[in-house]
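To start, the structure itself, in structure tokens.
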Amino acid sequence: MALLSLPEYEVLATQAHGHLCAGQILGLRMALHGVSLLGLEDPAGADRKRLVTFVEIDRCATDAISVVTGCRLGKRALKFRDFGKMAATFCDLREHRAVRVVARESAKQTAREMYPEIQDRNRQQMKAYREMPPERLFDVQWVEVEIGPDELPGTRKPAVLCEQCGEGVNFGRQVQREGRTLCRSCAGESYYRQR
Ligand SMILES: [Zn+2]
Ligand SMILES: [Zn+2]
């Protein structure tokens with residue numbers, strides 16, 4: 001399917017995310033802006049193998065970005081970098097170019113100025129974010145993104161066993177510590193503790 005209209009994406013985003021909100025509208029528009037700057041006409045279909053998206057936040061907008069781009073974590077085409085920023089970088093693997101789109105902090109204030117009569121912030125921002133021209137909503141940077149072979153969608157490689165816990169480690173995520181091959185958890189990067 002080629003690119004849809006914003007209202008059509010809003011329906012899909014509501015289904016995917018469970019509700020529609022200002023963050024979703026912002027995410028949809030961010031992704032639409034990104035793919036259009038890259039010149040991709042069918043990101044979730046014919047062009048799906050060309051696109052990898054890095055998101056810098058895990059909020060409502062992130063799911064909306066998936067709806068437009070078709071990039072999902074489980075396809076290795078969506079990369080999460082937890083920087084806490086309302087931003088995403090859209091990478092065209094075929095043309096080797098990437099564009100980072102950041103929501104401007106001033107967008108909320110702009111929404112207030114556009115629709116001071118709407119009290120509800122979410123409704124105010126939803127309406128404004130649908131209508132604002134991209135240059136008022138976003139800042140844009142053309143950037144270079146190094147995507148290694150182990151980062152690409154479709155990489156296949158046998159898992160390596162961690163010498164400490166015995167669990168399999170995929171995609172070259174094992175590390176060497178004093179001559180031993182370990183998973184990142186056993187190497188001290190764990191996010192959990194054994195009880
Ligand atoms: Zn939401
Ligand atoms: Zn281990």
Side-chain angles (χ1 to χ4, degrees), residues 4-35 44 53-74 78-88 90 101-112 114-115 118-132 134 137-138 150 155 157-195:
L4 305 174
S5 66
L6 186 61
E8 289 171 308
Y9 278 124
E10 288 184 13
V11 172
L12 296 177
T14 309
Q15 289 166 356
H17 186 68
H19 69 247
L20 191 64
C21 59
Q24 295 275 95
I25 310 277
L26 195 61
L28 292 173
R29 294 222 42 206
M30 183 180 284
L32 281 166
H33 197 44
V35 299
T53 303
F54 287 76
V55 290
E56 299 184 20
I57 199 159
D58 48 353
R59 281 184 65 187
C60 299
T62 313
D63 284 345
I65 289 169
S66 275
V67 166
V68 173
T69 61
C71 292
R72 286 180 229 290
L73 205 54
L78 186 74
K79 311 290 188 187
F80 176 44
R81 297 291 181 268
D82 196 358
F83 292 178
K85 290 178 164 184
M86 192 61 89
F90 305 89
V101 182
V102 194
R104 302 181 67 169
E105 275 305 307
S106 60
K108 289 193 187 92
Q109 180 58 34
T110 309
R112 259 178 242 132
M114 285 172 75
Y115 294 107
I118 304 178
Q119 297 297 312
D120 181 85
R121 283 272 180 271
N122 186 53
R123 278 188 46 237
Q124 180 187 63
Q125 289 168 8
M126 282 173 74
K127 188 161 170 58
Y129 292 172
R130 283 188 184 107
E131 298 166 7
M132 258 188 240
L137 265 181
F138 305 117
D150 283 337
T155 312
K157 239 188 201 180
V160 170
L161 296 187
C162 170
E163 288 181 37
Q164 190 156 314
C165 68
E167 292 177 0
V169 181
N170 291 278
F171 305 125
R173 295 322 193 242
Q174 70 275 13
V175 294
Q176 299 296 321
R177 285 285 188 284
E178 291 152 7
R180 297 205 305 157
T181 301
L182 300 179
C183 71
R184 290 175 63 173
S185 197
C186 292
E189 292 179 44
S190 198
Y191 64 93
Y192 59 87
R193 276 191 310 272
Q194 297 285 347
R195 300 181 33 157

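Given the structure is predicted, the values throughout are model-derived calculations rather than measurements. Values reported hereafter were calculated over all heavy atoms of this structure, with side chains retained and with hydrogens, waters and symmetry mates removed. Indexing begins at 1, ligand by ligand and atom by atom, following the structure's order.
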Under 3.5 Å, is there a donor on one side chain and an acceptor on the other for [X] and [Y]?
X: Tyr192; Y: Ser185; result: yes
X: Arg112; Y: Gln124; result: no
X: Ser106; Y: Gln109; result: no

Quiz item: Pick from Glu10, Lys127, Met132, Met30: which one makes a side-chain contact (heavy atoms from CB on, under 4.5 Å) with Ile25?
Solution: Glu10
Exercise. Name all residues meeting the side chain to side chain contact (heavy atoms under 4.5 Å, CB included) criterion together with Arg72; count only those two or more places apart in sequence or in a different chain, and write none if there are none.
Key: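 Counting only residues at least two positions away or on another chain, Arg72 forms a side chain to side chain contact (heavy atoms under 4.5 Å, CB included) with Ser66, Lys75.
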Quiz item: Tell me, which N, O or S atom in His19 is closest to the Zn ion (ligand 1)?
Solution: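 For His19, the N/O/S atom sitting closest to the Zn ion (ligand 1) is NE2.
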Quiz item: Which protein N, O or S atoms lie under 2.8 Å from the Zn ion (ligand 2), given by chain and residue number?
Solution: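 Per the 2.8 Å query on the Zn ion (ligand 2), atoms found are Cys162 SG, Cys165 SG, Cys183 SG, Cys186 SG.
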Quiz item: Side chains of Arg29 and Phe138: does their closest heavy-atom pair fall under 4.5 Å?
Solution: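 Arg29 vs Phe138: side chains touch.
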